Protein chains: 2
Amino acid sequence: MRRHSFDLVDYQILQELQVDARKPAAEIARKLGLNERTVRNRIDRMVEAGAIRLTCIVDPNYFGYVITADIFLEVDLDREQAVIEALLAMPEVSYLAFGQGTQDLSIEVRFKNNEQLREFLRSGLPAIPGVHVKGYALVPRILRNIDEWMPPPEDFTAE
Amino acid sequence: MRRHSFDLVDYQILQELQVDARKPAAEIARKLGLNERTVRNRIDRMVEAGAIRLTCIVDPNYFGYVITADIFLEVDLDREQAVIEALLAMPEVSYLAFGQGTQDLSIEVRFKNNEQLREFLRSGLPAIPGVHVKGYALVPRILRNIDEWMPPPEDFTAE
DNA sequence: GCTGAAAATTATGCATT
DNA sequence: AATGCATAATTTTCAGC
């Protein structure tokens with residue numbers, strides 16, 4: 001998958017972009033002592049390589065989605081694709097991953113109150129053919145998510 | 001928490017920013033038939049309100065972190081704060097949340113190979129005083145994460 | 001892959017509605 | 001809140017190294 005290799009200058013640029021994806025390349029260049037064009041070239045290269053994505057993260061809490069839960073599902077194998085599509089179409093689902101077993105799926109869901117979660121567990125999920133709820137757990141608070149993740153600096157060294 | 005209320009125009013702007021956080025306001029304005037100034041004002045308002053964050057998502061796979069696992073921990077209560085700080089300082093930890101029990105923490109970790117994961121489970125985690133590994137599960141593939149989440153359009157309606 | 005300079009585009013500050 | 005305008009800053013294009 002990896003084609004380019006990035007160095008510590010790229011790493012510093014990344015850190016700036018993580019704080020503010022719209023920070024002007026000229027400003028980053030000044031701060032890091034680089035040429036403006038160099039900064040823009042490196043940003044473009046990282047984006048085009050697929051190493052990073054400059055995007056907009058919406059805060060669920062701000063919009064009232066204060067309840068988070070992890071739900072563990074078992075899915076009939078012949079319905080797997082349809083189930084995944086159904087789950088991805090649901091705005092409540094903020095995370096979806098395959099689980100360890102061949103029939104397992106894990107999801108994380110967001111709701112405005114416990115009643116909506118209860119309804120989802122009792123009616124929303126069972127309404128999808130082939131889905132079986134194995135269990136769930138409330139998530140009182142999330143302290144880090146993928147949007148705050150970054151590889152260690154050791155991964156940014158020219159070959 | 002919610003102070004402002006956003007409308008469907010904001011929602012459309014969000015969708016543009018989710019594709020490319022650096023998309024010029026002028027371009028978004030042209031596409032949506034809005035004034036440039038209006039687009040910038042609305043972006044600024046959403047960011048300042050804390051409803052959205054414009055950031056840089058790093059792809060773990062690109063950097064060789066092809067192994068993902070969920071690990072369930074139990075933490076001695078008097079060590080909780082120190083444990084959280086230790087975990088947040090680890091670049092392997094891409095997700096950290098409180099679990100349902102008063103002593104439970106869930107983490108998601110990324111590694112370049114199974115050996116590193118094994119080493120982390122055997123040595124890395126036990127080296128943190130007060131941490132007990134309750135179990136773990138490999139995550140074969142993640143299909144959606146918080147960076148792709150967005151509230152439904154119903155949440156964008158003027159009061 | 002880095003940098004320079006002019007042209008085009010975009011962002012900012014201020015004022016008006 | 002939205003917008004027009006003048007000014008400032010940034011990005012882009014095209015080029016050479």
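Bear in mind the structure is a predicted one, so any value in this text is a computation, not a measurement.
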Inset, instruction - Scan A:E36 against the nucleic acid and name what it touches under 4.0 Å (heavy atoms): base, sugar-phosphate only, or nothing. - result: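 Base, at least one base heavy atom under 4.0 Å.
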
Legend entry - Under 3.5 Å side-chain donor-acceptor pair for A:N114 and A:R118: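 Judged by distance alone, the side chains do not pair up.
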
Inset, instruction - Please determine if B:D7 and B:R42 form a salt bridge, counting it only when a charged side-chain N lies under 4.0 Å from a carboxylate O. - result: yes

Inset, instruction - Answer yes or no: is there an ion pair linking B:D147 with A:R53, defined by an N-O contact shorter than 4.0 Å? - result: yes

[X] [atom1] - [N] [atom2] separation (whole Å):
{"X": "A:R45", "N": "C:dG1", "atom1": "CZ", "atom2": "C1'", "answer": "6 Å"}
{"X": "A:D10", "N": "C:dG1", "atom1": "CG", "atom2": "C1'", "answer": "12 Å"}
{"X": "B:D7", "N": "D:dA2", "atom1": "CG", "atom2": "P", "answer": "8 Å"}
{"X": "B:I13", "N": "D:dA1", "atom1": "CD1", "atom2": "P", "answer": "13 Å"}
{"X": "A:H4", "N": "C:dG1", "atom1": "NE2", "atom2": "P", "answer": "7 Å"}
{"X": "A:L32", "N": "C:dC2", "atom1": "CG", "atom2": "C1'", "answer": "16 Å"}
{"X": "B:R37", "N": "C:dA15", "atom1": "CZ", "atom2": "P", "answer": "13 Å"}
{"X": "B:I43", "N": "C:dT10", "atom1": "CD1", "atom2": "P", "answer": "13 Å"}

Inset, instruction - Flag the pair B:W149 / A:Y95 as yes when at least one side-chain heavy-atom distance between them is below 4.5 Å, and no otherwise. - result: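 No, every pair of side-chain atoms sits at 4.5 Å or beyond.
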
Inset, instruction - Could you tell me if the ring centre of A:F6 sits under 6.0 Å from that of A:Y11? - result: no

Answer yes or no: does a side-chain N or O of [X] lie under 4.0 Å from OP1 or OP2 of [N]?
{"X": "B:T38", "N": "D:dT3", "result": "yes"}
{"X": "A:R42", "N": "C:dT3", "result": "no"}
{"X": "B:R40", "N": "C:dT12", "result": "no"}

Inset, instruction - Please tell me which of A:R22 and A:L34 maps to the more 5' nucleotide of DNA chain C, matching each residue to the nucleotide holding its nearest heavy atom. - result: A:L34

Legend entry - Most 5' of B:D44 and A:N35 on DNA chain C, judged by nearest nucleotide: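 The residue mapped nearer the 5' terminus is A:N35.
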
Inset, instruction - Just compare C:dT10, D:dT11, C:dC2 and give me whichever is closest to any side-chain atom of A:A26. - result: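 Within the option list, the nearest is D:dT11.
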
